[in-house]
Structure formats: C-alpha cells, structure tokens
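The block underneath contains the structure these notes are about, expressed in structure tokens.
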Amino acid sequence: VQLQASGGGLVQAGGSLRLSCAASVSGRIFSSYIMGWFRQAPGKEREFVSAIRWGAGTTYYADNVKGRFTISRVSARNMVYLQMDSLKPEDTAVYFCAGTSRGIFAARTYDSWGQGTLVTVSS
C-alpha cells in the first residue's frame with residue numbers, strides 16, 4: 001500500500017483542519033487492515049493519534065485528541081480523513097498516515113507510511 005497525505009497548514013488555535021490520505025493498492029484493501037494517523041513534534045517521538053479498521057470502520061483515538069479529532073474513510077475511493085477541530089498549539093506536528101495489518105497503536109507495527117504533512121497551530 002502506498003500512501004500520500006495532504007491537508008496540513010497553518011491555523012489559529014480553536015480552528016479546524018482536515019487531513020487526507022490517499023491509498024494506492026494493487027487489488028483491494030482487506031477489511032481487517034488498519035489505517036492510522038501519527039504525529040511527530042520537533043524533538044519528540046512519533047505518537048499515535050487515531051486509527052480506523054478498514055472494513056468495520058471501528059475507530060481508535062489517543063486520549064489527548066478524543067472528542068476533537070474524527071477519523072473516517074471512504075472505501076470506494078481508498079481515502080482516509082482526519083478532521084481536526086478545536087486545535088491547540090500542542091497539536092503542532094508533522095502528521096503521517098500509515099497502514100498495517102499487525103496492530104493498532106504502535107508505530108513499529110505499521111509497515112506503510114505516507115510522507116508527512118505539517119500542521120502548525122498558532123496561539
């Protein structure tokens with residue numbers, strides 16, 4: 001699976017952004033496949049943000065984004081989205097979309113990664 005993320009930018013605190021991730025596959029994406037979003041701020045480790053199970057649409061969120069971020073997918077278009085509302089300066093990071101068939105929360109279990117897209121939230 002090849003992934004390409006887009007949609008980052010500069011936004012004021014309290015604002016919103018929607019990130020997109022386009023998946024290119026030869027064949028179909030299996031229903032058990034997990035698509036996730038991670039982020040990495042300067043000087044910090046990459047952290048889990050959210051994930052979705054491709055078939056059932058089951059969603060998972062980190063505690064610090066729960067209630068503010070919403071992950072979704074459009075299966076017919078092989079697209080995954082991350083709607084980010086009520087953004088805070090601490091959400092500033094490079095955001096990556098990723099895919100795995102082996103886990104949900106740990107970055108090391110993901111074997112497909114898109115390029116990052118920078119999100120900057122000003123105070």
Side-chain angles (χ1 to χ4, degrees):
V1 180
Q2 292 185 326
L3 304 171
Q4 184 166 1
S6 61
L10 174 64
V11 64
Q12 288 188 330
S16 299
L17 277 176
R18 188 177 81 155
L19 304 183
S20 301
C21 179
S24 298
V25 298
S26 56
R28 65 181 182 90
I29 299 176
F30 290 107
S31 60
S32 60
Y33 200 72
I34 298 289
M35 293 290 290
W37 288 96
F38 288 78
R39 67 187 182 187
Q40 188 165 18
K44 295 188 177 181
E45 293 187 355
R46 192 169 297 190
E47 67 170 353
F48 171 81
V49 175
S50 183
I52 188 166
R53 193 173 297 276
W54 194 256
T58 309
T59 58
Y60 309 88
Y61 296 95
D63 287 343
N64 56 2
V65 305
K66 200 171 294 183
R68 300 189 297 122
F69 290 11
T70 304
I71 191 171
S72 61
R73 80 249 189 271
V74 177
S75 301
R77 298 182 180 179
N78 285 351
M79 293 291 297
V80 177
Y81 303 98
L82 185 68
Q83 177 68 39
M84 305 185 295
D85 299 318
S86 302
L87 283 162
K88 305 175 181 180
E90 51 264 43
D91 294 319
T92 295
V94 177
Y95 284 70
F96 300 86
C97 62
T100 182
S101 56
R102 300 183 292 129
I104 298 173
F105 302 107
R108 67 179 182 277
T109 66
Y110 285 74
D111 44 30
S112 295
W113 290 87
Q115 89 291 356
T117 185
L118 177 62
V119 172
T120 304
V121 184
S122 62
S123 57

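Nothing fancy with the numbering, it's 1 onward along the sequence.
- Residue Ile34 comes nearest to Ala51 through the heavy atom pair CG2-CB, 3.8 Å, listed as atom of the first residue, atom of the second, then distance.
- Tyr61 has its side chain out of reach of Arg68: every pair of non-hydrogen atoms, C-beta onward, lies at least 4.5 Å apart.
- Using cut-offs of 30° and 60° on the angle between ring planes, the pair Trp113 and Phe38 is tilted.
- Closest approach of Cys21 to Trp37, counting heavy atoms only: CB-CZ2, 3.6 Å.
- Scanning all heavy atoms of the two residues, the minimum distance from Val119 to Gly8 falls at CG2-CA, 4.1 Å.
- When every heavy atom of Tyr33 is checked against every heavy atom of Gly99, the shortest pair comes out as OH-C, 3.2 Å.
- Rounding to the nearest 0.5 angstrom, the gap separating the CG atom in Leu19 from the CZ atom in Phe69 is 8.0 Å.
- A 4.5 Å side-chain heavy-atom check between Thr58 and Tyr60 finds at least one atom pair inside the cut-off.
- The salt bridge (charged side-chain N to carboxylate O under 4.0 Å, His left out) test applied to Glu90 returns no partner, not counting sequence neighbours.
- Under a 3.5 Å cut-off, the side chain of Ser31 and the backbone N or O of Gly55 do not form any donor-acceptor pair.
- In this structure, Ser16 and Ser86 approach most closely via the heavy-atom pair OG-N, 4.4 Å.
- A donor-acceptor pair under 3.5 Å is absent between the side-chain atoms of Tyr110 and the main chain of Phe105, judged by distance alone.
- The side chain to side chain contact (heavy atoms under 4.5 Å, CB included) check on Val11 picks up Leu17, Leu87, Val121, with sequence neighbours excluded.
- If you take SG on Cys97 and CD on Gln115, they are separated by 7.0 Å, rounding to the nearest 0.5 Å.
- Taking 4.5 Å as the limit, every side-chain heavy atom of Met35 sits out of range of all side-chain heavy atoms of Ile71.
- When hydrophobic side chains of Ile, Leu, Val, Met, Phe, Trp and Tyr are connected at separations under 4.5 Å, Met79 ends up clustered with Val74, Tyr81.
- Applying the salt bridge (charged side-chain N to carboxylate O under 4.0 Å, His left out) criterion to Arg102, with sequence neighbours excluded, gives Asp111.
- A chain of hydrophobic side-chain contacts below 4.5 Å, direct or via other Ile, Leu, Val, Met, Phe, Trp or Tyr residues, connects Val49 to Leu3.
- Cluster membership check: Phe48 does not share its hydrophobic cluster with Val80, using side-chain heavy-atom separations under 4.5 Å among Ile, Leu, Val, Met, Phe, Trp and Tyr.
- Considering every non-hydrogen atom in both Asp91 and Tyr95, the closest pair reads O-OH, 2.6 Å.
- Annotation: the span from Met84 atom CE to Thr70 atom OG1 amounts to 11.0 Å, rounded to 0.5 Å.
- At distances below 3.5 Å, not a single donor-acceptor pair connects side-chain atoms of Gln40 with backbone N or O atoms of Ala93.
- Looking only at side-chain heavy atoms (C-beta outward), Val65 and Arg39 come within less than 4.5 Å of each other.
- Under the side chain to side chain contact (heavy atoms under 4.5 Å, CB included) criterion, Val94 pairs with Phe96, Leu118, sequence neighbours left out.
- Under the rule for a side chain to side chain donor-acceptor pair (under 3.5 Å), Lys88 has no partner lying at least two apart in sequence or in another chain.
- At least one donor-acceptor pair under 3.5 Å links the side chain of Thr100 to the backbone N or O of Thr109.
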